[in-house]
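Report on one structure; see the data block that follows.
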Amino acid sequence: MIELLPSGAAHLVAMRVSGRVDVDDLQVIIDAIEEAKRQQPRISFYAELDQMRWMTATALLRDVGYGLTQLSELSHYYRAAVVSDKRWVRRVVRLEDRLFRSLEMRVFPTRQHATALEWARHRPEAPEPAAAGATAG
């Protein structure tokens, strides 16, 4: 199950993930992300993950598919705060932080959820303009 949480900022999509996640749960988040992207130049995420047990195969495929469509839109993303005490979550987030340099990602222990939310609420700067017309000086 995925529950949207009040974020306190228009650019922030906040959620709590628990139990089993199915494709309908995932679609709620995708819709929230797309709506935030329509209204804000850059968006951030806050996700509490410690109570997640598993994701259905259909949801996993949809998640991967949606993620791949976003690779060309990474400039729309600013920060992702992940709250979890699970080691595997920490490892995955650290790897993703290295792979997706335009998106700043951090893992916070559950006892620091308020700090994580505040960090994710930080107002993003506008996306940097494309360097296509830049000239060497």
Side-chain angles (χ1 to χ4, degrees):
M1 179 174 117
I2 298 178
E3 172 188 5
L4 288 173
L5 301 173
S7 68
H11 72 280
L12 180 60
V13 176
M15 69 195 87
R16 178 178 300 121
V17 183
S18 61
R20 179 185 79 129
V21 175
D22 64 23
V23 73
D24 293 331
D25 294 322
L26 196 60
Q27 192 60 50
V28 168
I29 293 303
I30 291 171
D31 292 346
I33 291 167
E34 291 301 316
E35 182 61 27
K37 283 173 39 185
R38 278 191 286 279
Q39 296 180 17
Q40 302 293 319
R42 295 186 81 190
I43 66 168
S44 295
F45 303 96
Y46 169 87
E48 296 176 2
L49 297 181
D50 266 355
Q51 300 304 314
M52 182 176 141
R53 297 294 172 238
W54 61 288
M55 183 180 279
T56 65
T58 307
L60 180 61
L61 289 172
R62 178 74 172 114
D63 187 35
V64 170
Y66 179 71
L68 290 173
T69 69
Q70 298 306 294
L71 290 176
S72 64
E73 298 188 24
L74 288 176
S75 64
H76 290 284
Y77 299 101
Y78 179 53
R79 285 185 170 177
V82 178
V83 177
S84 179
D85 291 327
K86 296 181 185 290
R87 278 186 259 201
W88 71 268
V89 171
R90 291 182 173 283
R91 289 183 192 125
V92 168
V93 171
R94 285 184 188 128
L95 175 64
E96 289 178 341
D97 185 48
R98 289 184 196 128
L99 291 174
F100 306 113
R101 299 307 252 161
S102 64
L103 173 62
E104 188 177 358
M105 301 179 77
R106 284 184 56 190
V107 179
F108 296 82
T110 55
R111 69 181 183 283
Q112 292 182 359
H113 66 91
T115 302
L117 186 56
E118 198 55 41
W119 181 80
R121 277 189 193 133
H122 182 266
R123 191 82 184 140
E125 298 84 26
E128 294 187 20
T135 59

Can you measure from [atom1] ([X]) to [atom2] ([Y]) and round to the nearest 0.5 angstrom?
X: R98; Y: M105; atom1: CZ; atom2: CE; result: 12.0 Å
X: D97; Y: L103; atom1: CG; atom2: CG; result: 7.5 Å
X: R38; Y: H76; atom1: CZ; atom2: NE2; result: 12.0 Å
X: E48; Y: E3; atom1: CD; atom2: CD; result: 8.5 Å
X: D24; Y: M1; atom1: CG; atom2: CE; result: 13.5 Å

Is there a side-chain contact between [X] and [Y], using heavy atoms and a 4.5 Å cut-off?
X: Y66; Y: I33; answer: yes
X: H113; Y: E118; answer: no
X: V28; Y: L4; answer: yes

Please lay out, stage by stage, how V17 and D25 fare under the test side-chain contact (heavy atoms from CB on, under 4.5 Å).
CA-CA 9 Å; V17 183; D25 294 322; over 6 Å; no
Ignoring hydrogens and angles, state whether a donor on the side chain of H11 or R42 is under 3.5 Å from an acceptor on the partner side chain.
no
Compute whether any side-chain donor of one residue and acceptor of the other, for E104 and Y77, lie under 3.5 angstrom apart.
no
So does [Y] get a backbone contact from the side chain of [X], meaning a donor-acceptor N/O pair under 3.5 Å?
X: R79; Y: W119; value: yes
X: D85; Y: P109; value: no
X: R121; Y: S7; value: yes

Can H122 and Y78 be said to form a side-chain contact (heavy atoms from CB on, under 4.5 Å), step by step?
CA-CA 9 Å; H122 182 266; Y78 179 53; 2.9 Å; yes
Closest heavy-atom pair and its distance - [X], [Y]:
X: F108; Y: T115; result: CE2-CG2, 4.1 Å
X: T56; Y: V23; result: OG1-N, 4.1 Å
X: R90; Y: S84; result: NH2-O, 3.6 Å
X: S44; Y: A120; result: CB-O, 3.6 Å
X: T110; Y: V83; result: CA-CG1, 3.6 Å
X: Y46; Y: L12; result: N-CD1, 3.8 Å

In one Ile/Leu/Val/Met/Phe/Trp/Tyr side-chain cluster, 4.5 Å: L95, M55
yes
Using the rule that two of Ile, Leu, Val, Met, Phe, Trp, Tyr join whenever any of their side-chain heavy atoms come within less than 4.5 Å, decide whether L117 and V89 are in one cluster.
no
Given the rule in the side-chain contact (heavy atoms from CB on, under 4.5 Å) test, do I30 and R62 qualify, once you have shown the distances and angles that lead to the verdict?
CA-CA 10 Å; I30 291 171; R62 178 74 172 114; 3.8 Å; yes
Determine, stepwise, if the pair D22 / L26 fulfils side-chain contact (heavy atoms from CB on, under 4.5 Å).
CA-CA 6 Å; D22 64 23; L26 196 60; over 6 Å; no
